[in-house]
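Just follow the structure's listing: the first ligand is 1, and inside any ligand the first atom is 1. Remember, it's a predicted structure, so these values are computed and weren't measured experimentally.
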Amino acid sequence: MLAGKRILLIIGGGIAAYKCLDLIRRLQEHGAAVTPVMTRAAQQFVTPLSVAALAGEKAYTDLFDLTDEAEMGHIQLSRVADLVVVAPATADLMAKMAGGHADDLATTLLMATDTPVMIAPSMNIRMWERASTQRNLATLQGDGMHVVGPNEGGMACGEYGPGRMAEPFEIIEAIGRVLANGPLKGKRVLVTSGPTHEPIDPVRYIANRSSGAQGTAIASALAALGADVIFVTGPADVLPPAGVEVIAVQSAAEMLDAVEGVLPVDAGVFAAAVADWRVKRESGSKIKKVKGALPILEFAENPDILAEVSQMKKGRPGLVVGFAAETDDVVDNATAKRQRKGCDWIVANDVSPETGIMGGSENAVHLITDAGVEGWPRMGKDQVARKLAERIAGALA
Ligand code: C5P
C-alpha cells in the first residue's frame with residue numbers, strides 16, 4: 001500500500017512513544033521507508049538505538065549536530081519524505097506547532113517542511129480536553145494538518161477517556177488515505193452510519209440493533225479510494241474509521257442537522273439505521289415508576305433524512321445512495337422505496353434474524369439503480385463496502 005513512500009517520523013515525548021517501534025515495523029511491512037526523528041523527551045521513553053535499529057536509519061535528535069548538518073542539512077531532512085508523521089503528538093508539541101516554534105530539531109523540521117503533516121495526538125484526558133489543546137488542535141486542522149485519533153480507552157496514567165494514541169494499524173490506514181491517489185481524490189462524500197438513540201427521559205432511550213459496521217466499512221473504503229469522507233455517526237458499536245472527519249450524533253434530529261451542515265457533497269451514502277419515531281415529549285427528569293400506573297409514550301415521526309436530501313431542489317448531492325433493510329419481499333420493497341424517497345441507488349438487504357446480517361460481519365445485498373436490480377453474492381461487509389465504493393467512484397468519474 002505504501003510501496004516506495006518515505007515517512008519522516010517525528011517521535012514526541014510521551015509514553016505512547018513505545019508504539020512507534022511497532023509503527024516503524026508495520027510501515028516497513030507496507031513498503032514504506034522511515035526516517036526517524038526524536039525529541040529530547042522522546043529519548044526518555046525509547047532509545048535512539050532501538051529506533052535506529054528498527055528503522056535501519058539513523059535516528060536524528062539534534063538541531064546543532066555538525067555531522068548531521070554536514071551529511072544532510074535540517075532543511076533537506078525536512079524535505080526527504082512524502083509525509084511527516086508526528087507520533088505521539090504531545091500537548092506540548094501540538095502547542096509548539098500551533099504557535100510556530102522552532103527551538104529544536106523536530107519543531108524546526110515541522111516549520112521547514114513542504115510536505116503534508118499528520119499528527120497522532122496522545123496525552124492524558126484532562127490535557128486533551130483542556131481548552132488550550134482544543135484550540136491548538138483547531139489551529140492545526142485549519143492549517144491543513146491531518147489528525148488521526150486519539151482513541152478512547154484506559155491510559156498509562158490510570159485514567160479512562162480520549163487521549164490514547166491511535167494504534168499503528170490505524171495510523172497506517174490514515175497515512176494510506178492521505179497518500180492515496182485514488183479515483184475519488186478531491187471528492188467530498190458524506191456517509192451516515194449507526195443507530196440513533198431517541199430519548200425518553202434523561203436515562204432511557206429507544207434504539208435499534210444496528211452496529212454501524214457496514215457504514216463504517218463504507219466510509220473506510222471510500223477514504224481508501226481518496227475521498228474526503230465526512231462520517232456522521234449515531235452511537236455505534238464499532239469505532240469510526242481513521243482518516244475521516246467524524247461527527248458524532250445521538251438522535252435523528254441531530255443527524256439531520258449534521259447532514260445539512262456538511263452539504264454540499266459530491267455523493268451521500270445513507271447507511272444509518274435512523275429511528276422512524278421519537279418520543280413526542282421527552283421528559284426532562286427521570287420518569288418515576290408508579291405501581292399500577294404504566295407510562296404512556298406518545299410518538300412523533302422523525303424526519304426522513306434520506307428523503308429530504310434526495311428531494312432537495314438546491315444542493316442535492318450528485319449521487320444519493322440509500323439502504324433498505326427489509327425482512328420480506330426485499331427487492332420489491334426496496335424498489336418501491338427508491339421511488340418513494342427519490343434517491344439514485346438503493347442497497348437492499350434482508351435483515352431477517354435467521355440471516356445473521358444485522359450486527360454480523362457479512363451481508364448479502366441487491367443494488368437497485370435506474371438500470372435495474374443486481375444481486376451480489378453474500379460476502380464480508382468490508383467487501384460489500386469496497387465494491388460499493390468502486391461503483392461510486394465509477395459514477396462520479
Ligand atoms: O424507510 P427506511 O428506514 O426503510 O429507509 C432506509 C433508508 O433511509 C436508509 O438509507 C436510511 O439511512 C434512510 N433513513 C433516513 N432517515 C430516516 C429513516 C431512514 O435517512 N428517518
Quick check: [X] and ligand 1, any N/O pair under 3.5 Å apart?
X      : result
Phe323 : yes
Ala325 : no
Thr192 : no

Quiz item: Would you say Glu326 touches ligand 1, if touching means a heavy atom closer than 4.0 Å?
Solution: no
I need the atoms of ligand 1 closer than 4.0 Å to a non-hydrogen atom of [X], numbered in the order shown.
X      : value
Pro303 : 16 (N), 17 (C), 21 (N)
Gly322 : 10 (O)
Lys337 : 1 (O), 2 (P), 4 (O), 5 (O)
Phe270 : 9 (C), 10 (O), 11 (C), 12 (O)

Self-check item: Interatomic distance, Asp276 atom CG to Asp304 atom CG [nearest 0.5 angstrom]
Solution: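 Between atom CG of Asp276 and atom CG of Asp304 there are 8.0 Å.
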Exercise. To the nearest 0.5 angstrom, please state how far the CG atom of Leu396 sits from the CZ atom of Arg188.
Key: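 Atom-to-atom, Leu396:CG and Arg188:CZ are 13.5 Å apart.
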So which heavy atom in the protein is nearest [atom], and how far is it from that ligand atom?
atom                    : answer
atom 20 (O) of ligand 1 : Leu306 N, 2.8 Å
atom 17 (C) of ligand 1 : Val274 CB, 3.4 Å
atom 12 (O) of ligand 1 : Ala272 O, 2.6 Å

Practice problem: Would you confirm whether Thr192, through its side chain, and Ala272, through its main-chain N or O, come within 3.5 Å as a donor-acceptor pair? | Solution: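 Yes, the answer is positive, given that a donor and an acceptor are paired below the 3.5 Å cut-off.
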Quiz item: Are Glu298 and Arg281 ion-paired here, with the side-chain N under 4.0 Å from a carboxylate O?
Solution: yes
Practice problem: Describe, in one word, how the ring planes of Tyr205 and His197 are oriented to each other, choosing from parallel (under 30°), tilted (30 to 60°) and perpendicular (over 60°). | Solution: parallel
Quiz item: Got Pro121 and Pro150 here, is their nearest side-chain heavy-atom distance under 4.5 Å?
Solution: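 Yes. Closest side-chain heavy atoms under 4.5 Å.
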Practice problem: May I ask you to test the Thr335-Ile346 pair for a side-chain heavy-atom distance under 4.5 Å? | Solution: no
